[in-house]
Student: 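This is the structure I have questions about; it appears just below.
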Amino acid sequence: KTYKVVSMEDGIAAKPAVAIFSAGGGTSLEWAPKFAAAGIRVIDNSSAWRMDPTKKLVVPEVNAAVLTKDDYIIANPNCSTIQMVVALQPLHQKYKIKRVVVSTYQSVTGTGKKAVDQLYNERKGVSGEMAYKYQIDLNVIPQIDVFLDNGYTKEEMKMVNETNKIMQDDSIRVTATTVRIPVVGGHSESVNIEFVNDFDVNEVKDILANAPGIIVQDDLANQIYPMPLWAHEKDEVFVGRIRRDETQANTLNMWIVSDNLRKGAATNAVQIAEYLLDKGLL
């Protein structure tokens, strides 16, 4: 199909019910308030509004109920945070989470087209523009975004702060290590969760299997577990390798995979719009 590209001013003049922004923080900071002032609800996929205390940060399966008729700028969370909290929320409701230790294995698609091109160029032995300081093919880069004064990266602290805000519980302690790997198709996460209350592993699997937006893939006999290869171009969050941490009481290990461009970005934004429509807020 051929689509006509219009200016921001024309977009506002058209008075759509909702505008989905995915053009970077600077654009969002400048234009989202202008759309909102015209009565257009903005769902923003940048980091611009996520930690603004006056704006809601929403993953529909977790906290859509916080949205009201007064919310005209709604923030879409970071991709790696979205898939994690979708899996954490039903378990938090049952067992109450104390602490989360997460290590991520993130697709180059999270960086953008230049990173995908770099990976494929390196794989073919072709020189080209570099999205990363280092080679990504046959390598793992333990840095996503810039380093902060505390030694963590901005991506790692996003996971900490956004998890607390989305789950509406600042008592949950989160520590993260985010890593870029030579994969196209989705982010993977190794997550260790300490609960206040003890759990039964089979019950955990049942809770996750019946939670919205989650598909459990945990068939050890047939070596079935979540992988980016299978999550690619799908909207769900896949959870597997569900097992008790035998070194510490009330602690669980699991593996979470999701397509970071779908549930981690576009799908989540569309689901927010669908929720607004369903509740008569559009």
Student: Taking all non-hydrogen atoms of both residues into account, name the closest pair between Lys98 and Phe195 and its distance.
Tutor: CD-O, 3.8 Å
Student: Residues in ring pair (Phe, Tyr, Trp, His ring centres under 6.0 Å) with Tyr105, at least two apart?
Tutor: Trp255
Student: Tell me who clusters with Val5, hydrophobic residues only, linked when side chains sit under 4.5 Å apart either directly or through other members.
Tutor: none
Student: State, without any angle test, whether Arg244 and Thr251 hold a side-chain donor-acceptor pair at a distance under 3.5 Å.
Tutor: no
Student: For Glu9, I'd like to know if atom CD has over 12 heavy atoms of other residues, nucleotides or ligands within 6.0 Å.
Tutor: yes
Student: Quick one: do Asp218 and Lys205 make a salt bridge, cutoff under 4.0 Å?
Tutor: yes
Student: Centroid-to-centroid, Phe35 to Tyr72, below 6.0 Å?
Tutor: no
Student: Will you find, in the side chains of Thr178 and Gln106, an N or O donor that is under 3.5 Å from an N or O acceptor?
Tutor: no
Student: With a 3.5 Å cut-off and no angle check, do the side chains of Asn192 and Asn253 form a donor-acceptor pair?
Tutor: yes
Student: Apply the hydrophobic cluster definition, ILVMFWY joined by side-chain contacts under 4.5 Å directly or through others, and give me every member besides Leu220.
Tutor: none
Student: Does atom NZ of Lys34 have more than 12 heavy-atom neighbours, drawn from other residues, nucleotides or ligands, at distances under 6.0 Å?
Tutor: yes
Student: Just by distance, no angles: are the side chains of Asp145 and Thr153 close enough, under 3.5 Å, to form a donor-acceptor pair?
Tutor: no
Student: Sort out for me which residue in Leu276, Thr68, Val18 forms a side-chain contact (heavy atoms from CB on, under 4.5 Å) with Leu281.
Tutor: Leu276
Student: Using distance alone, with no hydrogens and no angle criterion, decide if Asn121 and Ser127 have a side-chain donor and acceptor under 3.5 Å apart.
Tutor: no
